[in-house]
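The shown structure was predicted, so the numbers you read here are calculated from the model rather than taken from an experiment.
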Amino acid sequence: MIDKKRLHGLFSHHYSEMIHLARTLLYDDSEAEDVVQDIFVRLMEGNILPTDDKARAYLLTAVRNSCINRIRQKTLAEKVRELYSQDTASDWQQIEQRMSTIEAVCDYAETHLEEPHLTIFRLRFQEDLMLKDIASRLDMNLKTVYKYLSQSIKSIQEQFRL
Amino acid sequence: MEKTNENMNRLLEMLDTPSTYTEQEIHDIINSDDETRQAYRLMAAAKQGYRQKQTNQPEDVEAAWQRFEQKNYKQRRLLPRWMRVAAIFIAGVFLGGLSFAAYHSYTLKLQKQHTEYQEFADERIFELTEDGERIIITWLKKTWVETDNISFIEDNPIVHSPALQINGDHKAHIQLNGEYIDINRLPKLPASEVKKIEIHFNQGRMINIITTPVEIPESMYYGL
């Protein structure tokens, strides 16, 4: 079993980044914590101690793969309801690239969409509301909500090919 | 253009209530056309992006370590010397008695593993659907799966691919150990023969099933 002090060192150094990635991918804080804890348990039980220069990439790739495994075990309806990504980047460079792309998508939406497009976009993807609830909250016709959201998606699509 | 709008509306509608659709319907809606597929990816990216911004707060790492420690390290309590001696003696008596039972338990475990393998072995790699136009590929736990972007060891006890079309627009090409195979003459191999499965949609929807021994990279052990 790995020396507890060394495991603590690894944990202190990488936990923040690992938990952020797991939360970003799984949208569920408690499931994200399980993923990160499981990885440290496996390190402990498997007596694996990644070398310092590779530890970050190793641990973040492990988070990514564990999250993908969890997502794969959900039904298709669950996956699409939660809008889980079907992207499956494997090495850490690809994952970092993906993370910067998704941030860029949001930044683009925040800076380029006008009202009421931006509010609808945020309510759908930030607050996770159903379209009928958005229509009701904004006192808007459901078809109009569809129209504005479609327009937003198309305008972002012109900038990003994912 | 009108068709694209219609597909987008169907996608938005389905995403609100996916459980009222069958898996095939969901799959068909997302893949109605390239624009709709892209739209789904973009929506997933938008949600992840917002999530990423929300979660980007400083963490209390020490509190997280305490939770981990509490859960995974049992506190060791120091016993007085006489209790430790007594414990060793009792353990010795127990171990003697247990060794006989352990032998039988081990034999039973081996039998159980064998049964489990037999059940798996009945699954065939290839299954042609009734209409003869789609194929399902089966693989088992611990199979090495490599797709365009990810490589992992399968966690689930048994996994079926989504039905892959063998005719029409999304035709899949099936290889066995790197050689294209005639889908009308699929070999009757058990799924336990699969050592690795390569799924490459970037290469014309090609599935390569490898049954020859492969060396799994060390980084993928323990499901990492």
With chain A, which of B:Gln52, B:Met14, B:Lys53, B:Arg67 has the greatest number of heavy-atom pairs at distances under 4.5 Å?
B:Gln52
For the CZ atom of A:Phe11 and the CD atom of B:Glu62, what is their distance to the nearest 0.5 Å?
8.5 Å
Not counting sequence neighbours, which residues clear salt bridge (charged side-chain N to carboxylate O under 4.0 Å, His left out) with A:Asp38? List them please.
A:Arg70
If you compare all heavy atoms of A:Ser12 against all heavy atoms of B:Val61, which two are closest, and at what distance to 0.1 Å?
CA-CG1, 3.7 Å
Side chains of B:Met43 and A:Phe121: does their closest heavy-atom pair fall under 4.5 Å?
no
Rounded to the nearest 0.5 Å, what separates atom CD1 in A:Ile102 from atom CZ in B:Arg41?
15.0 Å
Could you measure the distance from the NZ atom of A:Lys147 to the CE atom of B:Met8? Nearest 0.5 Å is fine.
14.5 Å
Any sub-3.5 Å donor-acceptor pair from B:Asp16's side-chain atoms to A:Met130's backbone N or O?
no
Any non-hydrogen side-chain atom of A:Val36 less than 4.5 Å from a side-chain atom of B:Phe68?
no
Shortest non-hydrogen contact from A:Gln37 to B:Ala64?
NE2-O, 4.3 Å
Check each atom of A:Leu59 against the heavy atoms of chain B and say whether the ones under 4.5 Å are side chain, backbone, both or neither.
neither
Result of checking A:Glu103, A:Glu127, A:Glu110, A:Arg124 against B:Tyr50 for side chain to side chain contact (heavy atoms under 4.5 Å, CB included)
A:Glu110
A:Arg23 (side chain) donor-acceptor with B:Arg51 (main chain) under 3.5 angstrom:
no
How are the rings of B:Trp65 and A:His8 set to each other: parallel, tilted or perpendicular (split at 30° and 60°)?
parallel
Which atom pair, heavy atoms only, marks the closest approach of A:Ala77 to B:Pro18?
O-CG, 3.5 Å
Could you tell me which non-hydrogen atom of A:Ile153 sits nearest to which non-hydrogen atom of B:Ala39, and how far apart they are?
CG2-CB, 3.9 Å
Can you tell me how far the CG atom of B:Leu12 sits from the OG atom of A:Ser150, to the nearest 0.5 Å?
5.0 Å
With distance as the sole test, does A:Gln157 use its side chain to make a donor-acceptor pair with the main-chain N or O of B:Leu42 at under 3.5 Å?
no
Please check if the side chain of B:Lys47 supplies one atom and the backbone of A:Glu82 the other of a donor-acceptor pair under 3.5 Å.
yes
Top residue by heavy-atom pair count (under 4.5 Å) with chain A, among B:Leu11, B:Ile26, B:Thr20, B:Thr22?
B:Ile26
Going from OH on B:Tyr21 to CG on A:Leu76, what distance comes out if it is rounded to the nearest 0.5 angstrom?
13.0 Å
Separation between OH of A:Tyr27 and CD of B:Gln48, rounded to the nearest 0.5 Å:
4.5 Å
Is a side-chain donor-acceptor pair under 3.5 Å present for A:His20 with B:Gln54?
no
